Amino acid sequence: MPVDKYLSEDLENIAESSLPFEELYGSAVLVTGATGLVGSQAVKALLTMNRLKNAGIKVLAMVRSEEKARRTYEGFESEDLSFLVQDVTEPIDASVSADYIIHTASPTSSKFFVEKPVETIKMAVDGTDNILSFAARTKAKGVVYLSSMEVYGVTDPGLSCVRESDLGYIDILNVRSSYSEGKRICECLCASYAKEYGVPVRIARLAQTFGAGIPYEENRVFAQFAKSAINKTDIVLHTEGNSVGNYCYTRDVIKAVLLLLIRGEAGEAYTVTNEESNTTIKGMAQMVADRIAGGGIKVVFDIPKDALTYGYAPDVKMQLNADKLRSLGWEPEIGLCETYERMIGSMLATKEERNA
């Protein structure tokens, strides 16, 4: 088993959850993007159910690199886990079948969105069409498509909270929009497959997700903040930090995704966020400096003239609302401060393991 006690605790918490995950027992689950954060933790959670609950779930992890997959699942080797090594845009062999599908495969780097906008769109649309076509052909019992809060765009600032129908403006001529517009058309594709072919696909619109399981090498903003706290270096912001961030802890997100596999309406979207974690980027940075680093570091600003070069999204001020998902029985449990504490503990554990 992994040396990361924080991730181990989370996986066991999911397996022991009071949510009706026993409906997944004895089934076959395909997970795309299975070396990514959400994909890998979904796979590990299912394998932990097998270990603790004798759940008998067969997990097929779609990956592009078997070598990376074997590193990712070191300590989780099992006859219930197998790898499907291929790109998500490639047709799936006719011999493959699955009762449930979690489609997480997607580029996640803002720099990639800006430098490779065509590839960003094609990977989203072609990959999702391939997975939904497979789901229709095999008559899957449940499918979850991982979307993003970026589909909301710039919403009405007068709204006290933003619900699933409150879509805002996205500048379609900004190449950074290749990601958010790609997610939008994929959501439409999901709704279309649900209507035309009866595919029971639900859409999970994730707030920014992090926590235990984030590797020390991660370089997204939240991880940079964490490493500043670890290394006692000042947090440097390259924007004014006025965007309101919506966040959710990894464990809470995995529970939401697994619940949506077996609950919810086909063709519908569900926001996955912890409203109590909503804060500005600047506010989060200050929280890390004050509470996580104990006031030992500062927040400083170094704003480039051309923010687009760095792939930064425009400032967004919205408070996402997860009531629709809560109506299915889900409830987030981990707040932002504890998210950072557990993530930092996890990052240090994995760093020490690699250096051992």
Side-chain angles (χ1 to χ4, degrees), residues 10-11 13-24 29 31 33 36-39 41-42 45-46 49 100-104 106 128 140-153 155 159-168 180 183-184 186-188 190-191 193-194 199-211 213 244-279 316 318-336 338-339:
D10 286 347
L11 297 174
N13 180 281
I14 295 166
E16 300 285 359
S17 171
S18 61
L19 293 171
F21 295 150
E22 63 273 7
E23 293 184 31
L24 297 171
V29 183
V31 182
L37 176 64
V38 176
Q41 292 207 21
L46 294 169
M49 288 181 198
Y100 296 96
I101 302 167
I102 303 172
H103 178 33
T104 80
S106 174
T128 302
K141 297 177 183 178
V143 183
V144 173
Y145 169 66
L146 254 64
S147 188
S148 164
M149 66 181 183
E150 288 206 27
V151 301
Y152 286 106
T155 55
L159 293 172
S160 59
C161 67
V162 172
R163 301 179 188 275
E164 284 76 4
S165 60
D166 297 322
L167 296 178
S180 47
K183 289 292 187 184
R184 278 192 174 186
C186 286
E187 287 199 13
C188 186
C190 288
Y193 266 90
V199 174
V201 56
R202 295 96 182 187
I203 299 157
R205 289 181 184 161
L206 303 191
Q208 188 158 50
T209 301
F210 58 96
V244 174
N246 295 263
Y247 306 102
C248 200
Y249 185 64
T250 41
R251 183 177 84 197
D252 291 330
V253 167
I254 300 304
K255 286 183 179 180
V257 169
L258 296 179
L259 181 62
L260 286 174
L261 268 185
I262 53 178
R263 292 288 185 270
E265 296 295 324
E268 289 288 316
Y270 297 82
T271 298
V272 185
T273 191
N274 183 344
E275 294 93 336
E276 293 185 2
S277 294
N278 290 355
T279 184
V316 174
M318 65 177 176
Q319 304 277 348
L320 292 179
N321 177 284
D323 284 351
K324 188 174 179 181
L325 181 58
R326 279 195 177 87
S327 71
L328 303 181
W330 176 83
E331 192 69 38
E333 298 172 341
I334 305 296
L336 193 57
E338 187 177 357
T339 291

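Keep in mind the model is a prediction, meaning the values are calculated, not measured.
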Please confirm whether the backbone N or O of [Y] pairs with a side-chain atom of [X], one donor and one acceptor, at under 3.5 Å?
X: Thr209; Y: Ala207; result: yes
X: Thr104; Y: Gly33; result: yes
X: Glu164; Y: Thr271; result: yes
X: Tyr100; Y: Val144; result: no
X: Asp166; Y: Thr155; result: no
X: Asn246; Y: Thr273; result: no

Checklist line | 4.5 Å side-chain heavy-atom contact, Leu328 and Leu260 | finding: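 Yes, their side chains come closer than 4.5 Å.
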
Margin query: So Thr339 and Cys248, do their side chains get closer than 4.5 Å, heavy atoms only?
Written below: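 Cys248 vs Thr339: side chains apart.
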
Minimum-distance pair of heavy atoms, taken over all atoms of [X] and [Y]:
X: Glu150; Y: Ser180; answer: O-CB, 3.4 Å
X: Thr128; Y: His103; answer: OG1-NE2, 3.2 Å
X: Pro20; Y: Leu259; answer: CD-CD1, 4.0 Å
X: Val162; Y: Leu159; answer: CG2-CD1, 4.3 Å
X: Gln319; Y: Val244; answer: NE2-CG1, 3.9 Å
X: Leu258; Y: Ala45; answer: CD1-CB, 4.5 Å

With sequence neighbours left out, what residues match [X] under side-chain contact (heavy atoms from CB on, under 4.5 Å)?
X: Ala256; answer: Val272, Leu325, Trp330
X: Glu331; answer: Arg326
X: Asn13; answer: Arg251, Lys255, Glu333
X: Ala191; answer: none

What's the spacing between [X] [atom1] and [Y] [atom2] if we round to 0.5 Å?
X: Leu46; Y: Leu24; atom1: CG; atom2: CG; answer: 6.5 Å
X: Ser277; Y: Leu320; atom1: OG; atom2: CG; answer: 12.0 Å
X: Leu37; Y: Thr250; atom1: CG; atom2: OG1; answer: 6.5 Å
X: Ile262; Y: Phe21; atom1: CD1; atom2: CZ; answer: 6.5 Å
X: Ile254; Y: Ser17; atom1: CD1; atom2: OG; answer: 12.5 Å
X: Ile334; Y: Asp10; atom1: CD1; atom2: CG; answer: 7.0 Å

Restricting to salt bridge (Lys or Arg N to Asp or Glu O under 4.0 Å), what partner residues turn up for [X], sequence neighbours left out?
X: Lys183; answer: none
X: Glu268; answer: Lys324
X: Glu16; answer: Lys53
X: Lys141; answer: none

Check: Residues two or more places apart in sequence or in another chain: which of them pass side-chain hydrogen bond (donor to acceptor under 3.5 Å, both in side chains) with Asn274?
Finding: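 Expected list: none.
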
Margin query: Please enumerate all residues that pass side-chain hydrogen bond (donor to acceptor under 3.5 Å, both in side chains) together with Arg184, with sequence neighbours excluded.
Written below: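 In terms of side-chain hydrogen bond (donor to acceptor under 3.5 Å, both in side chains), with neighbours along the sequence ignored, Arg184 is linked to no residue.
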
Next item on the list: Tell me, please, which residues at least two apart from Tyr247 pass ring pair (Phe, Tyr, Trp, His ring centres under 6.0 Å).
Entry: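 Per chain and number, Tyr247 pairs via ring pair (Phe, Tyr, Trp, His ring centres under 6.0 Å) with Phe210.
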
Next item on the list: Go through the structure and list residues passing ring pair (Phe, Tyr, Trp, His ring centres under 6.0 Å) with Tyr193, not counting sequence neighbours.
Entry: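 Scan of Tyr193 (ring pair (Phe, Tyr, Trp, His ring centres under 6.0 Å), adjacent residues dropped) gives Tyr197.
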
